[in-house]
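The structure presented is a predicted model; accordingly, all values stated were derived computationally and were not measured. Chain naming here is simple, since letters A, B, ... match the order of the sequence lines and numbering starts at 1 in each. Hydrogens, waters and symmetry mates play no part in the numbers below; they use all other heavy atoms, side chains included.
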Protein chains: 2
Amino acid sequence: MKDRVSVALESYLEQIADLQKEHGAVRTSDLADRMGCRRSSVTNALQRLSEKGLINYQSYRPVTLTAEGEKTIKALSRYHGILADFLENILAFPEKFAQEEACRLEHRVSQSTIERMRIYIEFIEQTDNLDRGLASAKFKEFMQKR
Amino acid sequence: MKDRVSVALESYLEQIADLQKEHGAVRTSDLADRMGCRRSSVTNALQRLSEKGLINYQSYRPVTLTAEGEKTIKALSRYHGILADFLENILAFPEKFAQEEACRLEHRVSQSTIERMRIYIEFIEQTDNLDRGLASAKFKEFMQKR
DNA sequence: CGCAAAAATTAGCTTTATCTAACACTTTTA
DNA sequence: TAAAAGTGTTAGATAAAGCTAATTTTTGCG
């Protein structure tokens, strides 16, 4: 069982995936902007990600994810999505906050909790469809009145 | 706004509070057992906690929390309690898991999310009392059927 | 009491993750 | 096309958090 990559490196990896989608190529300075750190810290991170086989990296060349890196990202972004969905649609947070909080939590929340959140969302949706509780709508209403 | 103590140090602080309650005095080796690390790492942590004014520490003496340390712990354990409550009573996890997961998350979840979880629990309880949805019971039932 | 065992600390090393400053490559542009 | 600007990397520091091995302090017992 290959040891899990650190929270910091996971975040770099996510930003790389994001930038790849947006711009194709991924540059050190864009990553530094996103991560709020110096370019030299990015270089250091890229070297470590490369050693772990998660990115294709050569000096002065734009970066891409390896197949392994893609796989890691896929799992992570699923976690992120479910978390953000839960925060927005169950706990009734605004989307922006939900996204930010999901970023903070996705590296820590266990798989069981993620799956349970998914099931909970499904449950609430079913309840809503049965027009019995309209639980999520009711919660939003409840929030307004406080 | 004094900068927040690290996740690692926060964990040490919690174990200190726990041991203080159980045994009065807090010894390096007990802490090492609890934290699953070496005694030398504990000494190192104690020195840093002491520099931050969170514990009273002198070489070879048992450790106690400062007022500041107590305050930190109080906030943390409130977070822990709400999280565990949410995991157990909303997401229907067994108590043991809820406690463990709360330990992992309490250092990362933002205050807003904690407060919102508290409100959500309150909301569900009210709903349940109105005998309208019995949402939490229904969710447990729903879980059983899967 | 005095000494051995246990407990705690120190010293020194490692890795991660960050920084600044200096240097090396690339790209732009006059 | 060559100098300047911009981008990327290296070198060297620092701090957190851990480790092992060696040393120091405390404690318990014969």
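- The pair R116(B)-E101(A) fails the salt-bridge criterion, with no side-chain N (NZ, NE, NH1 or NH2) lying under 4.0 Å from an Asp/Glu carboxylate O.
- If you chain together hydrophobic residues whose side chains sit under 4.5 Å apart, L87(A) and F123(B) fall into the same group.
- Among all heavy-atom pairs drawn from Y79(B) and V109(B), the shortest one is CE2-O, 3.9 Å.
- Looking only at side-chain heavy atoms (C-beta outward), L46(A) and L31(A) come within less than 4.5 Å of each other.
- A salt bridge links R4(A) to E10(A): at least one charged side-chain nitrogen sits closer than 4.0 Å to a carboxylate oxygen.
- A continuous path of hydrophobic side-chain contacts links I119(B) to L91(B) [ILVMFWY only; heavy atoms under 4.5 Å].
- Of the residues near DNA chain C, S59(B) and S6(A), the one whose nearest nucleotide (by heavy atom distance) lies more toward the 5' end is S59(B).
- Within residues 37-55 of chain B, the residues approaching DNA chain D are C37(B), R38(B), S40(B), S41(B), R48(B), by heavy-atom distance under 4.0 Å.
- Chain A approaches DNA chain D over the interval dT7(D) to dT10(D), counting the first and last nucleotide 5' to 3' with an atom under 4.0 Å from its heavy atoms.
- Checked for salt-bridge contact, R78(B) and E115(B) meet the test: a charged N lies under 4.0 Å from a carboxylate O.
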Requested in this report: Take L49(A) and I16(A) through the test side chain to side chain contact (heavy atoms under 4.5 Å, CB included) and record every step on the way to the result.
Outcome: CA-CA 11 Å; L49(A) 281 170; I16(A) 291 168; 4.0 Å; yes
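- Ionic pairing of E70(A) and K74(A) is not present here: no N-O contact between side-chain nitrogen and carboxylate oxygen is shorter than 4.0 angstrom.
- Side-chain N or O atoms of T28(B) include none that pairs as donor or acceptor with a backbone N or O of R39(B) at under 3.5 Å.
- Between R61(B) atom CZ and dT9(C) atom P there is a gap of 10 Å when expressed in whole angstrom units.
- An OP1 or OP2 oxygen of dT27(C) is reached within less than 4.0 angstrom by no side-chain nitrogen or oxygen of Y60(A).
- Remark: R27(B), T28(B), S29(B) in residues 14-31 of chain B come within less than 4.0 Å of DNA chain C through at least one heavy atom.
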